[in-house]
Every structure is written in structure tokens, then in C-alpha cells.
J.: 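Before we start, here is the structure in question, set down as C-alpha cells.
Labels below follow one simple rule: chain letters A, B, ... track the order of the sequence lines, proteins then strands, and each chain is numbered from 1.
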Amino acid sequence: MGHVRNYTLGDVVARYKRARGHSVLHPMGWDAFGLPAENAARERHTHPAKWTWDNIAAMRAELKRMGLSLDWSREFATCDPAYYGHQQKLFLDMLAAGLVERRESWVNWDPVDGTVLANEQVIDGRGWRSGALVEKKRLSQWFLKITKFAPELLSALDGLERWPERVRVMQANWIGRSEGARLRFALAGPVDGIETVEVYTTRPDTLFGMSFLAVAPEHPLAAAAAARNPGAAAFIADCRRMGTSEAVIETTEKKGWDTGLRVRHPFMPEVTFPVWIANFVLMEYGTGAIFGCPAHDQRDLDFARKYGLSVVPVVLPPGEDPATFAIGNEAYVGPGVAFRSGFLDGRVSPDEAKAAAIAELERLGVGAGVVNWRLRDWGVSRQRYWGCPIPVIHCETCGVVPVPEADLPVRLPEDVTFERAGNPLDHHPTWKHVACPRCGRPAQRETDTCDTFVDSSWYFARYCSPHAEQPLTLAAVDHWMPVDQYIGGIEHAILHLLYSRFFTRAMKATGHISIEEPFAGLFTQGMVTHESYRGEDGRWLYPDEVVQSDDGSAVHGETGEKVTVGRVEAMSKSKRNTVDPGAIIARFGADTARWFILSDNPPDRDMEWTEAGVVGAYRFTQRLFRLAEGVAALPTGDAVPDTLSPAARGLRRATHRTIAAVTEALESFAFNVAVARVYELANAIGDAEKAADSADLRWARREAMEMVARLAAPMMPHLAEEILSRLRPGGALVADLPWPEADAALAAAETVTVAVQVMGKLRGTVEVAPGAAQAEVVAAAEAEPNVARALEGKRVMKRIYVPGRIVNFVVSGPG
RNA sequence: GCGAGAGUGGCGGAACGGUAGACGCAGUCGACUCAAAAUCGACCGGUGUAGGCCAUGGGGGUUCGAAUCCCCCCUCUCGCACCA
């Protein structure tokens with residue numbers, strides 16, 4: 001249902017923009033690789049390809065029934081070699097351009113299943129299937145060098161004006177530009193030839209407040225310590241069981257191990273500090289080592305308190321006395337003045353003191369000011385079957401050799417088994433054994449496949465020329481790209497959208513496209529949620545198994561057992577709180593489903609799917625149809641009226657105001673408001689039915705009814721056509737008509753209601769002409785009886801008048 | 001833990017810093033009906049006999065005026081790099 005909502009929103013935009021005269025490309029495709037297909041294969045002994053294609057067929061049928069105005073001639077699936085072969089070409093071009101790199105990194109390893117686990121497959125540190133304690137394991141992996149583009153991925157965010165501000169902020173924080181210093185601490189005595197430890201810090205101004213140095217468990221110095229100290233080795237082994245996800249690392253209890261090694265302070269060579277291994281220091285960020293200043297960093301403080309390390313404040317907050325200022329359980333991270341800091345004393349922290357500290361580090365030749373990025377390169381290797389094969393060959397003589405272009409696509413073998421643990425591509429009997437394209441000797445294919453984020457990082461551009469023999473054709477992408485309106489869930493705010501932004505740049509660098517930013521406009525929609533239900537034995541129940549009993553409580557429709565109604569949450573198969581779109585369409589029709597989806601709430605929020613809401617939408621479709629039949633039955637041939645009775649003028653005003661209001665609502669994605677305006681106009685037509693019949697009112701009713709159909713058409717296209725065909729037998733299709741324009745003169749108000757306040761409290765309202773002079777409005781306001789009573793005995797100090805809106809009297813006096 | 005959002009009647013929600021609750025759902029009463037459904041009409045935040053007062057998660061602040069802007073707090077949601 002989440003997809004159905006997403007595509008319904010897109011279809012409204014597509015139909016609306018088409019009516020506004022735009023040439024709209026509204027395609028559909030399938031992001032079809034990934035874990036779910038492999039999980040299904042393991043659990044149900046079906047082939048991932050069959051499972052995937054069956055799902056695609058079912059979903060395609062569903063979308064077609066929704067009446068989406070999609071260009072199906074451009075459809076493709078990412079699991080089709082006709083698609084992923086082009087992706088392999090892109091990969092090879094990026095490899096040649098130096099945008100791909102092979103290096104080692106850590107993965108979650110399930111020692112029992114003998115397989116790499118996704119973070120979501122690690123539950124409380126254990127493999128989801130085997131229950132074994134997960135270990136970190138080092139593997140050689142492929143990386144796309146997104147960090148090369150970090151500066152422009154950040155700066156270009158400013159140009160994405162039609163993106164939600166929060167998404168831009170999240171991406172900026174994710175890229176994480178920071179200015180700080182890299183500096184080397186000399187070890188008091190070298191270990192295994194290691195003489196210094198390099199540290200990155202954003203707070204060189206607090207160096208004099210140092211109390212320890214900490215390295216990541218994966219840091220070479222940690223390994224050196226482990227080699228001579230079993231305790232350190234055990235601590236590192238313990239850290240290896242923590243998993244690789246940052247959320248886990250950050251929420252796990254902070255722990256450390258004192259290696260016994262010591263480093264000299266760069267500004268105070270005679271003073272040394274202990275070197276700890278800490279489980280919260282990330283090898284991937286900065287240099288994998290930090291200096292700890294507990295007084296001015298909360299995490300360092302927690303660590304120092306736990307292990308009894310010194311806490312020395314060196315930044316004095318404004319108004320504090322240097323003699324008495326002390327740190328309790330909260331680090332001071334605000335601005336101040338450096339003290340107890342040697343040559344930094346008296347400098348303003350952080351800015352001035354930072355600059356001075358960096359200058360000194362540079363003078364001493366032990367460090368430098370640097371810009372650091374939080375963004376890491378994108379590891380795309382997956383040790384899995386159901387993904388795009390990475391098109392390289394490993395040869396003992398030639399090393400890594402790209403698959404020749406003529407041999408693309410590298411196809412997945414179909415005869416694979418999921419009975420064995422590990423990657424089916426790796427233990428396939430023949431697939432990986434090939435001759436080296438360069439020297440002809442026996443060699444092996446890469447058995448890793450691509451992260452599915454790669455598949456979804458360029459599909460939007462492929463729609464421009466979906467059948468081309470190259471990945472993209474410049475003429476087509478130059479014509480269509482960038483995507484004018486992209487719609488997706490907020491859960492994609494960072495990864496998918498950032499990868500796509502990077503990939504577009506990488507495609508430009510390899511000559512496939514001429515733009516940098518793939519999505520000019522972005523809208524993030526909320527999830528679809530539903531109540532969840534459980535039977536007496538705690539098993540989850542589907543909504544259509546549950547009925548209301550006579551006393552209003554929920555019971556099982558067949559067995560009558562009591563049902564516990566759980567919280568409203570995102571639809572998921574595991575909780576069975578899903579609704580089948582096909583069944584809804586069969587029962588109520590596509591327009592009802594679309595109307596409910598759009599009317600329920602603002603599209604960027606989560607929507608709750610309710611039976612009552614669907615029924616309400618269905619009733620409205622019936623009501624519109626009845627109204628239309630009533631209007632269609634009126635005698636035709638009335639001329640455009642020259643003068644209007646009050647009833648007809650009122651209806652025409654409502655019609656033209658509705659045109660303006662619906663247009664504005666659609667432009668701003670306020671589809672629920674657009675729906676409300678259509679309801680209002682329908683209500684006005686209903687009222688007009690009861691008024692005395694006259695030629696001008698008949699004309700106004702026809703106009704109003706036609707506009708209801710045309711304004712609702714992007715949302716309920718089928719009924720709109722039906723209504724218009726009755727109003728204008730043999731006439732145009734709504735889909736072929738331009739979007740209606742409001743007549744400002746007809747929409748104009750005859751009087752406006754001005755609210756009258758006394759000291760900001762509403763005391764009455766007055767009706768005035770739209771252009772009435774201030775003096776006139778204020779006089780009318782003062783004359784209003786209730787206002788006059790409130791003003792009695794008071795002195796009016798000030799009269800505030802906002803034309804057409806409000807008068808506010810500021811008074812003084814008793815009471 | 002860190003980053004980003006959200007919070008308004010019984011429910012979904014509306015509201016350029018200017019009459020809080022448009023519109024819909026549910027509900028109550030009435031009409032129609034033998035009856036029910038459908039449909040149509042009226043009512044529908046709380047409280048008070050009333051003038052009124054109280055109400056937009058909680059607490060402060062800015063302003064003639066705050067759901068809207070600022071600060072602190074609470075709750076929920078999304079993301080945290082191998083779910084996509």
C-alpha cells in the first residue's frame with residue numbers, strides 16, 4: 001500500500017502538469033535485486049528470479065488497475081541483464097576513471113552460517129538465523145569514491161531549492177565537513193616500530209585539557225598493544241563482537257583498556273598521557289585515534305569518570321571564576337576564554353584559540369589545520385547472489401582485470417543452490433572459473449555483487465532511453481533530465497538520495513550524462529500505517545479477519561475469539577496489518593482508493609488506512625455522480641447569462657474561488673486541502689439544487705459541476721471522465737482539456753468580514769466593503785455593540801488595522 | 001548515543017504572525033421508510049444561567065496579537081553507511 005500511495009501522489013502531479021501543458025515523462029520500473037528475494041529463496045525453496053518476477057507481475061497488475069498514467073513502454077527491472085549489463089559498463093568506466101577502489105573493510109560475520117550479515121540481520125549481537133555471536137571480519141571489498149565529491153555534494157545542496165530543508169540539513173550533517181587539526185603524538189617509547197599516533201580533533205583549543213589518548217580497536221597501535229598484552233587482546237576481541245553499525249557502537253556502554261603505553265603532549269613534551277583502546281572510537285572517522293579532553297567533551301567526560309582519569313577545564317565560561325570553576329557531570333562545550341593553557345591563555349575559545357593552537361602545531365612541525373569529512377567511501381561489495389555481478393576477473397598474474405566490454409553483461413548463473421551457507425556464486429561449480437582476458441591463464445571471476453543502492457542510483461536516467469544500447473544516451477538525458485519531481489519516502493533522505501547525487505556526478509565524469517544533480521524537486525511522503533491485531537494466542541491477524549462485535553470490541557470473524565487491537569504502525573507483512581490494494585479496488589474502484597489516499601492527510605505525514613475512511617471516500621464518489629446526473633438532466637441551451645441572480649453569483653464565486661484554491665493546493669502538494677475544496681464546491685452545487693430554478697442558475701450549476709470534474713480529475717480520473725461525458729455528450733476528454741483558469745472578477749468578494757479585537761481578544765466582527773477606508777472600518781468596529789461595551793471606560797491608546805482582516809484596539813484603563 | 005522531523009476536538013486534519021478547529025470521518029437529534037440501509041436537514045472542543053472564561057504536548061519568552069517566532073522539557077517518528 002505504501003507503493004500505491006507513492007504512485008498515486010506521482011500520478012496526481014503527472015496529470016496536473018500535463019493539463020498545464022507540460023510534456024510529462026511518467027515511467028515505472030522495478031528495483032528488483034536484494035535480500036528479500038534471497039530470503040524467500042532460502043525459506044520457501046523458490047528461485048529468487050521466479051519470486052521476483054512473480055512479484056513484479058502482481059504489482060504491475062495492481063498499478064494498472066489504479067489507473068496510473070504511466071508510460072509502460074519504458075518499463076524495466078534492475079534484475080534484468082538488459083539493465084544490469086549497462087550498470088557493469090558504468091562500473092568499468094568508473095574503475096578506469098579512478099572512481100573505484102579495492103580495499104579492506106570490516107563486515108558482520110556469522111561464524112555458524114558462514115555468511116556476511118546485513119546490519120538488520122544482526123539482532124542483539126547475534127545472527128538472526130543461527131543465533132551465533134556475530135564477529136567483525138576483514139574482507140577485501142570494492143568502494144566507490146564518493147568522498148572525492150564531498151565538497152561539491154555539500155555545496156550543491158544550496159542549489160536544491162525544491163528539496164525539503166530538513167533533507168538538505170540531514171545530508172549536510174551526514175557529509176559532515178569540519179575544520180580542525182591533525183597532529184602527531186610521539187610515543188614515550190616506540191612499539192613495533194610505531195613512533196607516533198596521529199589524531200584528528202575539531203578542538204585543538206582544548207589540547208591543554210588532555211587527559212588521555214584513545215585509539216579504535218582496529219588501530220595498528222591497538223594491535224601492537226594486543227601483541228604484548230593478553231588483556232588488551234581480549235578487550236579487542238570483545239570489541240569485535242560489537243558489530244559494525246554506528247548506532248550499536250554509539251549506544252553500547254563506553255569501555256576502554258589502558259594499554260600502559262604513553263604519549264608526550266606536543267606543547268608539554270615533559271608530560272605524558274596514557275593510551276587507551278576505546279570501543280567508541282571509530283576507525284573510519286578521522287585517523288582512528290582521538291585525544292580525550294573530558295572537561296569539554298561529554299563522551300570523553302563519561303569515559304574519564306568511569307576510569308578515574310583527570311578532568312581539567314581549560315575553557316572558562318563567561319562570568320566564571322577561574323579559581324573555582326569545576327566540571328561536574330556535564331562537559332562545558334560552549335564558548336569562553338582559554339586558561340591553564342600556556343601560550344593560549346586569554347585567547348577566545350574556540351575560534352581564536354583554535355587558530356593559535358594550529359599555528360603552534362605547524363610551527364613545531366607536529367600537525368596542521370585540516371578540513372575533515374565524516375562521509376566515508378561507499379562500499380558496494382556484497383557477498384550475495386541476487387545482485388548485479390561486479391564485472392572484474394582476478395588473475396594471479398595480471399591482478400584485477402576488467403571484463404572486456406564485448407563480454408558484458410556478466411550474467412548471473414541460474415542454477416544456484418541456497419542449501420549451502422555462504423555466497424552461491426562463490427561455490428557454484430563452474431561460474432567463476434574463466435580465462436584471464438589479458439593473459440589467457442585460468443582466473444576467477446569476482447563473486448561479489450553490487451549493493452542494490454547502485455541499481456537505484458541511475459535508473460531514473462535510464463528511463464530517458466530505456467532501450468538504448470549504451471547505458472544512457474546524451475540526447476535523451478539532456479532532453480529530460482533532471483527529474484523535475486521526485487517522490488519518495490523520508491527514509492531515503494540520506495543514503496539513496498546522496499548516492500544518486502554522487503552517481504550522477506560519477507556518470508558525468510565518465511561522459512554518460514551532462515548534469516550533476518539528478519532531482520530538481522523532491523517530495524518526501526510518509527508511510528502507510530494500520531492498526532495491528534492479535535488473537536488470544538498472540539498470533540498476528542489480518543485486518544479482514546477481524547470484525548466488530550455488538551459491544552464494539554474486536555473479535556475474530558470466524559472463530560469469535562477476542563482480538564487485541566494493537567497500536568497503529570507501518571504496514572508490514574510480519575505484523576499482518578496490511579491491506580490488499582487489489583481487494584480494495586475490486587470492492588470500491590480505483591477512484592475511491594485514490595481519493596481516500598489523497599484526502600486522509602497531508603502526504604508528507606504517515607497515513608492511517610481505515611475502513612471507515614475508504615467507505616467515506618466511496619460515498620463521495622456516489623454523491624458526485626448523483627449531482628452530475630442532476631445537472632446533466634437540466635435543459636441545455638441556456639446562454640451565458642449577462643446578469644446574475646444572487647444565488648447564481650454565489651455559485652459562480654464559489655466555482656472560481658475553488659479553481660484558484662485547488663490549483664494552489666495542488667502546486668504545494670496539499671492534496672488533502674485540494675480534496676476539501678472539491679467537497680466544498682460539491683456542497684455548493686447541492687445547495688443550488690434546492691434554490692429556485694432559473695436560467696442563470698442552471699448555467700452556473702453546469703459550470704460548477706464541470707469544474708468539479710476537471711479539478712478532481714488528477715485525483716479521480718475515471719469518474720471525472722464519466723461526469724464530463726454526461727455534461728458534454730460527445731465532447732472532449734478531461735484528459736485533453738487544459739487546466740481551468742479562475743476568473744478573478746467572479747471570485748472577488750462583495751464584502752469582507754473584519755475581526756475586531758480589544759487587547760488582542762476577539763470582541764466582534766464587522767462586514768465591510770473590500771476596499772473600505774481605515775477610518776470607516778475603525779468607526780464601524782467601534783460601533784459594534786459588543787466592542788463598544790468592551791471599550792467603555794477605557795482610553796484607546798492605539799488602533800491597529802490590517803486591511804480586510806482585523807482591527808485591534810489597545811486600551812488602558814480600569815479592569 | 002548522535003542527526004533530522006512531528007505533536008491542534010472522539011479521529012484525520014485546516015489556518016500569509018491577525019476570527020483556532022475549514023473539509024471529511026465518527027457521533028446525537030430529526031425527515032423519509034412498515035423497518036433497516038442509502039439519502040436529506042440540524043447539532044457537534046470544554047465549561048458556565050449569562051456577559052464570558054479555558055483550550056493547539058508541558059513550562060517560559062518576544063509581540064497590539066502566537067498553533068505559527070525564540071529558549072528549555074516531554075512523547076512519538078525517520079536515519080545512522082550490508083533492509084531498500
Side-chain angles (χ1 to χ4, degrees), chain A residues 31 33-36 39 107-108 116-122 141 146 164-174 176 244-254 280 284 298-299 302 374-384 451-453 455-456 488-496 498-499 524 526-527 529 569-570 596 599-602 604-608 610 612-613 615-617 619-620 622-623 626 670 672-673 675-680 683 686 690 753-765 786 789-790 797-800 802 804-811:
Chain A
D31 185 19
F33 273 139
L35 270 182
N39 292 338
V107 295
N108 298 310
V116 176
L117 296 177
N119 283 334
E120 71 158 9
Q121 297 175 321
V122 180
Q141 311 232 65
I146 188 173
E165 179 63 19
R166 63 168 163 153
V167 174
R168 292 189 283 168
V169 170
M170 281 192 263
Q171 290 215 353
N173 290 340
W174 183 263
T244 58
S245 117
E246 195 178 314
V248 167
I249 292 168
E250 292 283 334
T251 50
T252 304
E253 187 191 353
K254 312 281 179 279
F280 61 88
E284 293 88 356
Q298 191 60 45
R299 208 162 45 174
D302 296 341
R374 204 185 78 98
L375 183 67
R376 307 201 295 259
D377 277 332
W378 174 14
V380 296
S381 281
R382 297 293 182 271
Q383 294 69 40
R384 304 185 201 292
D451 178 6
T452 54
F453 273 127
D455 312 340
S456 58
I490 187 65
E491 69 273 18
H492 293 299
I494 296 173
L495 292 180
H496 164 58
L498 189 60
Y499 288 148
T524 53
M527 295 178 302
T529 63
E569 51 193 323
F596 171 57
S599 67
D600 186 60
N601 67 351
D604 55 343
R605 295 208 203 157
D606 291 350
M607 80 166 279
E608 187 189 348
T610 59
V615 172
R619 274 206 300 266
F620 183 65
Q622 306 301 302
R623 179 156 161 249
R626 277 196 308 276
N672 57 323
V673 179
V675 164
R677 298 296 163 249
V678 171
Y679 269 109
E680 282 172 346
N683 290 344
K690 289 156 212 143
T753 308
V754 174
V756 185
Q757 298 180 339
V758 177
M759 294 300 280
K761 289 210 182 283
L762 183 72
R763 291 295 178 235
T765 61
N786 207 33
R789 187 163 56 237
M797 312 293 291
K798 206 169 162 188
R799 295 173 180 82
I800 290 156
V802 180
R805 290 216 164 259
I806 203 160
V807 176
N808 189 12
F809 296 101
V810 183
V811 300

J.: Taking atom C1' in both B:A55 and B:G3, what distance in whole Å separates the two?
T.: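 Rounded to whole Å, the distance is 34 Å.
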J.: What distance, rounded to whole Å, do you find between the two C1' atoms, one in B:C71 and one in B:C64?
T.: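 About 23 Å, rounded to a whole number of Å.
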J.: How far does the P atom of B:G48 sit from the matching atom of B:C54, given to the nearest Å?
T.: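 Looking at atom P only, B:G48 and B:C54 are 16 Å apart.
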J.: For RNA chain B, what is the dot-bracket line, given that a base pair needs Watson-Crick (N1 to N3, plus N6-O4 or O6-N4) or G-U wobble (N1-O2 and O6-N3) geometry with both distances under 3.5 Å, and | means paired with another strand?
T.: (((((((..(((.....[....))).(((((.......))))).(((....)))..(((((..]....))))))))))))....
J.: Walk me through it: do A:Val810 and A:Ile800 pass the test side chain to side chain contact (heavy atoms under 4.5 Å, CB included)?
T.: CA-CA 8 Å; A:Val810 183; A:Ile800 290 156; 4.1 Å; yes
J.: Could you work out the separation of B:U19 and B:U56 based on their C1' atoms and round it to a whole Å?
T.: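 Going atom to atom, C1' in each nucleotide, I get 16 Å.
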J.: Taking for each residue the nucleotide of RNA chain B with the nearest heavy atom, is it A:Gln757 or A:Val380 whose nucleotide lies nearer the 5' end?
T.: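 Nearest-nucleotide comparison on RNA chain B picks A:Gln757.
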J.: Could you give the start and end, 5' to 3', of the contact zone on RNA chain B for chain A, using atoms under 4.0 Å from its heavy atoms?
T.: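 From 5' to 3', the first and last contacting nucleotides are B:G1 to B:A84.
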J.: Using the C1' atom in both, what is the distance from B:G13 to B:A84, to the nearest Å?
T.: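 Pairwise C1' distance, B:G13 against B:A84, rounds to 30 Å.
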J.: side-chain contact (heavy atoms from CB on, under 4.5 Å) with A:Thr252: which residues, sequence neighbours excluded?
T.: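 Residues passing side-chain contact (heavy atoms from CB on, under 4.5 Å) with A:Thr252: A:Met242, A:Val248, A:Asn279.
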J.: Of all residues at least two apart in sequence or in a different chain, which pass the side chain to side chain donor-acceptor pair (under 3.5 Å) check with A:Arg677?
T.: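 For A:Arg677, the residues satisfying side chain to side chain donor-acceptor pair (under 3.5 Å) (neighbours in sequence not counted) are A:Glu680.
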J.: For A:Arg166, give me all partners under side-chain contact (heavy atoms from CB on, under 4.5 Å), at least two apart in sequence or on another chain.
T.: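 side-chain contact (heavy atoms from CB on, under 4.5 Å) check on A:Arg166 returns A:Pro164, A:Met170, A:Ile490, A:Thr524.
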J.: In whole Å, what separates the P atom of B:A37 from that of B:A26?
T.: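 My reading of the P atoms in B:A37 and B:A26 gives 13 Å.
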J.: Please list, chain by chain and in numerical order, all residues satisfying side chain to side chain donor-acceptor pair (under 3.5 Å) with A:Asn786, sequence neighbours excluded.
T.: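 With sequence neighbours excluded, A:Asn786 shows a side chain to side chain donor-acceptor pair (under 3.5 Å) to A:Arg789, given in chain and number order.
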J.: Counting the atoms with a prime plus P, OP1 and OP2 as sugar-phosphate, which does A:Arg166 contact under 4.0 Å by heavy atoms, base, sugar-phosphate, or nothing?
T.: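 It contacts sugar-phosphate atoms only.
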J.: Is the glycosidic torsion of B:G9 within 90° of 0, making it syn, or is it anti?
T.: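 In terms of base orientation relative to the sugar, B:G9 is syn.
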J.: To the nearest 0.5 Å, what is the distance between OG1 (A:Thr251) and CZ (A:Phe280)?
T.: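 It is 14.0 Å, given to the nearest 0.5 Å.
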J.: Identify whether the distance between the nearest side-chain nitrogen and carboxylate oxygen of A:Arg374 and A:Glu246 falls below 4.0 Å.
T.: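 Salt bridge flag = yes for A:Glu246 with A:Arg374.
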J.: If we take the C1' atom in both B:C78 and B:G27, what is their distance in whole Å?
T.: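 Result for the C1' pair: 35 Å, nearest Å.
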J.: Take A:Ala755 and A:Arg605, find for each the nucleotide of RNA chain B with the closest heavy atom, and name the residue whose nucleotide sits nearer the 5' end.
T.: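 Here A:Arg605 is the residue nearer the 5' end.
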J.: Using a strict 4.0 Å threshold on nitrogen-to-oxygen distance, state whether A:Lys254 and A:Asp302 make a salt bridge.
T.: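 No.
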J.: For A:Ser599, which contact category applies under a 4.0 Å heavy-atom criterion: base, sugar-phosphate, or nothing?
T.: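 It contacts nothing in the nucleic acid.
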J.: Going by distance alone, is a donor N or O of one side chain under 3.5 Å from an acceptor N or O of the other, for A:Asn683 and A:Arg623?
T.: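 Side chains of A:Asn683 and A:Arg623: pair found under 3.5 Å.
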J.: In whole angstrom, give me the gap between the P atoms of B:G51 and B:A6.
T.: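 B:G51 and B:A6 have their P atoms separated by 38 Å.
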J.: For a quick check of understanding: with a heavy-atom distance under 4.0 Å over all strands, which category does A:Val116 fall into, base, sugar-phosphate or nothing?
T.: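 Base contact.
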J.: Give A:Ile249 one of three labels, base, sugar-phosphate or nothing, depending on what nucleic acid heavy atoms sit under 4.0 Å from its own.
T.: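 If one applies the 4.0 Å heavy-atom cut-off, A:Ile249 turns out to touch nothing in the nucleic acid.
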J.: I'd like to know if the side chain of A:Asp600 pairs up with that of A:Asn672 as donor and acceptor (distance under 3.5 Å, no hydrogens or angles considered).
T.: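 No pair is found: no donor N or O on one side chain lies under 3.5 Å from an acceptor on the other.
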J.: A:Leu35 near the nucleic acid: base, sugar-phosphate alone, or nothing, with a heavy-atom cut-off under 4.0 Å?
T.: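 A:Leu35: backbone/sugar contact only, no base atoms under 4.0 Å.
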J.: Applying a 4.0 Å non-hydrogen cut-off, can you work out what A:Pro164 is touching in the nucleic acid: base, sugar-phosphate, or nothing?
T.: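 Counting heavy atoms under 4.0 Å across all strands, no contact is made by A:Pro164.
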